[in-house]
Amino acid sequence: MTTPFDDDKLREECGVFGVIGVKDAANFVALGLHALQHRGQEAGGIVAYAPEEGFTSARHFGYVRDTFTSASLMETLPGPLAIGHVRYSTAGSKGNTQIRDVQPLFAELAMGGCAVAHNGNLTNALSLREELIQHGSIFQSSSDTECIIHLMARSIQKTIPERLKDALRRVEGAFSIVAMTRSKLIGVRDPLGVRPLMLGKVGEGWVLASETCALDIIGAAFVREIEPGEMVIATAQGIDSFFPFQPQKPRFCIFEKVYFSRPDSVIGGQSVYETRRRIGMELAIEAPVEADLVCPVPDSGTPAAIGYSQQSGIPYAMGIIRNQYVGRTFIEPSEQIRNMGVRLKLNVNRAVVAGKRVVLVDDSVVRGTTSRKIREMVMDAGAAEVHFRIASPPTQWPCFYGVDTPDRDKLLAATMSEEEMRQYVGVDSLKFVSLDGLYRACEQPTGRDARQPQFCDACFSGDYPVKPSDRMDQGFRLKVSA
Ligand code: SF4
């Protein structure tokens with residue numbers, strides 16, 4: 001269960017991790033998933049393979065640290081090859097995860113078993129599902145990922161990797177996949193490379209992970225990113241690489257850099273922390289203000305607040321403190337507790353902000369409810385002025401590529417102008433970094449190339465690199481070009 005604070009953030013839905021060629025691979029996977037916990041907190045799963053025991057698996061609700069840490073459980077997952085997944089549901093049983101939806105999904109195919117873990121979202125999963133059911137497939141879960149398994153089962157190819165290629169040529173949308181057979185660890189990224197996937201080396205073994213921070217936790221060396229449109233197959237003999245799809249210009253998710261990825265991860269050769277710090281610097285250049293203090297909305301606003309402070313010369317201070325230990329115990333869905341809302345997680349450092357003109361730096365504004373409450377708390381603590389600076393452009397469009405977003409009419413920026421949002425939040429000023437400023441912070445010195453954008457930025461621009469066909473069938477309308 002989540003707090004209202006979490007409800008006002010976009011949520012990455014999944015993290016994937018896999019390792020081959022190490023003793024007790026599942027233990028490495030558990031550690032990797034723990035490092036990727038920020039990408040999904042509802043549930044996690046591990047599938048392992050050992051020659052004697054065959055395939056084994058475990059799926060649990062809750063945090064990895066509470067589930068995959070018991071020796072008795074981990075002993076049931078032996079072998080040198082394992083993959084895992086943490087999830088927050090975007091497809092399937094949204095907000096109401098069933099254990100059958102928890103990945104990795106496993107299937108016995110004609111040539112042996114295989115398990116698949118998927119980060120992303122397939123935009124044609126509903127139509128594929130209908131087609132597959134018409135042709136006799138029996139679905140076990142409500143996950144879009146299961147389409148991949150059924151497409152593999154129907155493929156006439158002779159090997160599992162070839163069947164996986166066949167299946168992935170039929171799907172649309174975003175996928176970074178970690179899969180396994182009895183002897184192979186397989187990683188694939190969609191042709192646009194929307195979601196990340198990293199390759200690492202640990203001892204004689206190979207690792208695949210959503211982010212580099214998950215390589216660090218097991219002491220693996222970063223080798224390289226899996227390329228957009230690439231499939232790699234790791235075995236005891238080494239790595240093979242294939243490009244099974246029509247090449248396309250990559251469109252990596254720019255929001256990974258703003259918010260989803262951990263600041264200690266490296267993406268595209270750039271430190272996520274450093275990118276966020278530079279976004280803060282861009283913000284200070286684009287939206288300066290006379291103030292006494294720059295304070296982050298913790299934790300995700302911290303690097304951008306540091307950048308804003310460094311660029312503007314306004315002192316940085318911890319004006320809001322986050323309680324790291326908000327657990328499930330307190331988060332009962334009772335009205336009284338829910339009304340406490342943001343106060344469960346954040347508290348204002350009264351001694352710091354009283355009497356001061358404060359610049360608050362946050363990563364994004366989604367519904368705006370949290371921003372209103374934070375402003376109220378900071379004013380209650382005696383601040384003289386509150387200025388909001390947001391380290392992303394206004395979020396105006398939903399994401400269909402593996403991020404939980406409210407419907408468009410719930411996005412504050414889709415329904416209000418910047419001045420209306422300022423009035424709604426009740427702050428002295430409210431400014432967002434521009435899309436060009438965000439691109440500059442992401443090492444694109446000339447900003448966004450409107451003819452060939454370098455990233456996916458659909459939630460800001462409405463420019464969807466893959467048509468969200470299922471959602472359009474349900475009535476979603478794309479932005480009308482100028
Ligand atoms: S729409 Fe936004 S959150 Fe979704 S993939 Fe694109 S940039 Fe990322």
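Each ligand, and each atom within it, is numbered from 1 in the order the structure gives. Keep in mind that this is a model prediction, so the values were computed, not measured. The basis for the numbers below is simple: all heavy atoms, side chains too, and nothing from hydrogens, waters or symmetry mates.
- Within the set C253, G173, A174, the minimum heavy-atom distance to atom 5 (S) of ligand 1 is found for C253.
- Residues F17 and F28 place their aromatic rings such that the two centres sit no closer than 6.0 Å.
- Taking the side chain as every heavy atom from C-beta outward, V359 and C295 never approach each other to under 4.5 Å.
- With a 4.0 Å cut-off on non-hydrogen atoms, R195 touches ligand 1 through its side chain and not its backbone.
- Closest protein heavy atom to atom 6 (Fe) of ligand 1: C456 SG, 2.3 Å.
- Protein heavy atom closest to atom 4 (Fe) of ligand 1, with residue, atom name and distance, is C399 SG, 2.2 Å.
- No hydrogens or angles considered: a donor-acceptor pair under 3.5 Å links the side chains of S137 and R154.
- Under 4.0 angstrom from ligand 1, the non-hydrogen atoms of V194 all belong to its side chain.
- Ranking protein heavy atoms by distance to atom 2 (Fe) of ligand 1, first place goes to C459 SG, 2.3 Å.
- Under the 30°/60° scheme for interplanar angles, the aromatic rings of F455 and Y439 are found to stand perpendicular.
- K467 has no carboxylate O lying under 4.0 Å from a charged side-chain N of E172, or vice versa, which leaves the two without a salt bridge.
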